[in-house]
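To find a chain, count down the sequence lines: A is the first, B the second, and so on, and within it residues start at 1.
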Number of protein chains: 2
Amino acid sequence: MQVSKCDIENCFLCIHCMPEWRDAISVKKTTYSFKRGETIFAEGDAVKGIYFIYEGFVKVHKQWVDNKELIIRFAKAGDVLGHRALVDNDIYPISATTLEDCKACFITNDFLEATFKTNPSFTYKMMQLYAAELKKAERRMRNLAHMDVKGRIAELLLEMQEIFGLNKDKFIAVAITRQDIASYAGSTYETVFKFFTELLQEKIITTSGKSIKINNAKKLRGFVNN
Amino acid sequence: MQVSKCDIENCFLCIHCMPEWRDAISVKKTTYSFKRGETIFAEGDAVKGIYFIYEGFVKVHKQWVDNKELIIRFAKAGDVLGHRALVDNDIYPISATTLEDCKACFITNDFLEATFKTNPSFTYKMMQLYAAELKKAERRMRNLAHMDVKGRIAELLLEMQEIFGLNKDKFIAVAITRQDIASYAGSTYETVFKFFTELLQEKIITTSGKSIKINNAKKLRGFVNN
DNA sequence: CGGACGTTTGAGTCCGCTCAAGCAGGGTGG
DNA sequence: CCACCCTGCTTGAGCGGACTCAAACGTCCG
């Protein structure tokens with residue numbers, strides 16, 4: 001089954017854009033749909049392959065005691081999931097859960113390994129992808145260690161606007177719970193809540209349900225610097 | 001100038017072990033020695049290439065306001081420095097400083113790029129190296145977010161024993177300042193100090209100058225779990 | 001009408017940071 | 001050889017940020 005390239009900018013890795021895969025595997029068979037809130041894979045699951053998102057938004061998170069987790073990052077169309085597990089094909093060290101309805105191609109380890117062997121430029125791009133993520137991870141590590149909670153929440157809001165973009169009403173294009181914000185910032189529901197009431201009172205942000213609009217990015221950035 | 005392979009286990013990337021490099025560049029010209037405490041490169045420096053350590057110990061750190069930093073990781077013989085900068089050959093996002101006298105091969109970006117093009121298995125190994133580091137970084141992110149200071153310090157001590165090994169007196173093979181421990185744990189000199197007096201009183205560790213011996217790893221692990 | 005569940009708010013507590021005051025020890029100059 | 005200072009180590013007191021817990025409130029639904 002032959003299809004044209006997908007419409008993600010500079011995509012080099014989804015099944016539509018990888019000649020080897022496109023020619024060898026049925027697109028139907030490797031494309032999965034996930035409903036909002038569904039788990040794509042969970043920490044501890046056996047690794048069988050890798051996912052390329054080409055529609056929707058996903059959170060990647062790692063468990064801590066009982067009901068505590070840290071959201072490692074958010075992912076959107078064009079991003080890769082489960083690739084950390086490549087090193088030792090054992091179990092996923094993280095979970096992936098959809099924030100919106102989502103479509104993803106799934107490529108098995110065998111196929112992936114074969115591609116690495118035959119397509120060096122693909123390997124090279126994957127390496128760069130890792131390097132970029134590593135750089136981000138290190139920045140975030142420092143922020144988690146030294147920045148206060150308000151700064152981390154403020155930075156997240158600005159980042160979300162960057163990653164997800166705005167919908168027609170200028171709200172950040174993904175609805176997100178305060179619990180998720182807390183989990184990303186390494187904080188608690190209540191603390192996020194209190195900071196939000198502060199931001200709402202000063203009209204720095206506006207909310208509508210779980211949607212958020214940033215009115216005054218400059219003031220928000222003020223919390224990041226201190 | 002032809003030399004035999006280095007004695008690092010499974011080394012695939014130092015100048016002694018990479019045929020392309022060994023044949024093309026003088027080992028003398030690409031091998032640098034650094035004294036204890038010397039800066040190999042600093043955050044913000046222009047990226048010119050990549051370093052492979054084959055002797056000594058190094059800390060990789062990232063600056064925060066004035067005298068606050070976070071130590072991202074420790075590196076030893078066989079590890080790579082400065083590879084995050086590969087993505088966009090711009091400036092180093094981190095600094096590297098030696099903890100002990102150190103020897104490292106330096107490979108320029110040009111050479112590296114050329115090798116990626118001609119030696120896919122090298123690229124593949126570099127990719128795996130990134131993936132492994134990313135996995136570690138994510139674990140550490142979660143710990144910095146959720147674990148308390150004592151847990152983080154305890155984990156670091158256990159990790160250092162793992163990474164650096166022991167010398168003949170069963171002390172961890174690298175001397176490290178309390179300030180560095182604080183910088184790794186995202187804490188302060190005084191807090192580390194106080195926890196150390198506690199650990200010394202309960203004889204969980206022993207110190208001699210800046211050297212540390214772990215007497216009771218089990219009790220130390222108790223702090224990690226809570 | 002009442003229970004169930006999520007939201008909002010307040011009070012209390014504690015961890016860990018900051019600051020600053022004691023203590024050495026060791027080098028320097030009288 | 002001793003007095004002095006400087007620097008780095010050690011300890012305590014105080015404070016504040018953020019977490020926990022729980023009560024009050026509202027809203028939805030049976």
d([atom1], [X]; [atom2], [N]) in whole Å:
X        : N      : atom1 : atom2 : value
A/His146 : D/dG17 : NE2   : P     : 18 Å
A/Lys210 : C/dG6  : NZ    : P     : 10 Å
B/Phe223 : C/dC15 : CZ    : P     : 12 Å
A/Leu144 : D/dA18 : CG    : C1'   : 15 Å
A/Phe193 : C/dT7  : CZ    : C1'   : 6 Å
A/Phe195 : D/dG17 : CZ    : P     : 13 Å
B/Gln201 : D/dT10 : CD    : P     : 13 Å
B/Gln179 : C/dC17 : CD    : C1'   : 13 Å

Heteroatom pairs (N/O) under 3.5 angstrom, protein to nucleotides 21-23 of chain D:
| unit_1 | atom_1 | unit_2 | atom_2 | d |
| --- | --- | --- | --- | --- |
| D/dC21 | N4 | A/Glu190 | OE2 | 3.3 |

ask   = Are B/Leu144 and A/Met141 side-chain neighbours, meaning at least one heavy-atom pair lies under 4.5 Å?
value = yes

query = Looking at side-chain heavy atoms only, is the closest gap between A/Asp180 and A/Glu69 below 4.5 Å?
reply = yes

Using a cut-off of strictly less than 4.0 Å, decide whether [X] has a side-chain nitrogen or oxygen near OP1 or OP2 of [N].
X        : N      : answer
A/Lys150 : D/dG16 : no
B/Thr191 : C/dG16 : no
B/Ser187 : C/dC17 : yes

query = In terms of the angle between their ring planes, are A/Phe34 and A/Tyr51 parallel, tilted or perpendicular, with boundaries placed at 30° and 60°?
reply = perpendicular

ask   = Would you call the rings of B/Phe193 and B/Tyr189 parallel, tilted or perpendicular if under 30° counts as parallel and over 60° as perpendicular?
value = parallel

key: B/Phe74/B/Phe164 under ring pair (Phe, Tyr, Trp, His ring centres under 6.0 Å): CA gap, chis, key distance, verdict   = CA-CA 9 Å; B/Phe74 295 104; B/Phe164 298 127; 5.7 Å; yes

task = Ignoring the backbone of A/Thr188, work out which of C/dT18, D/dT11, D/dT20 is nearest its side chain.
result = D/dT20

ask   = Nearest to the side chain of A/Lys68, which nucleotide is it out of C/dC17, D/dT11, D/dC19?
value = D/dC19

ask   = Using a distance-only test with no angle check, is there a side-chain donor-acceptor pair under 3.5 angstrom linking B/Thr97 and B/His61?
value = yes

ask   = Any ion pair linking A/Glu159 and A/Lys136 (charged N to carboxylate O, less than 4.0 Å)?
value = no

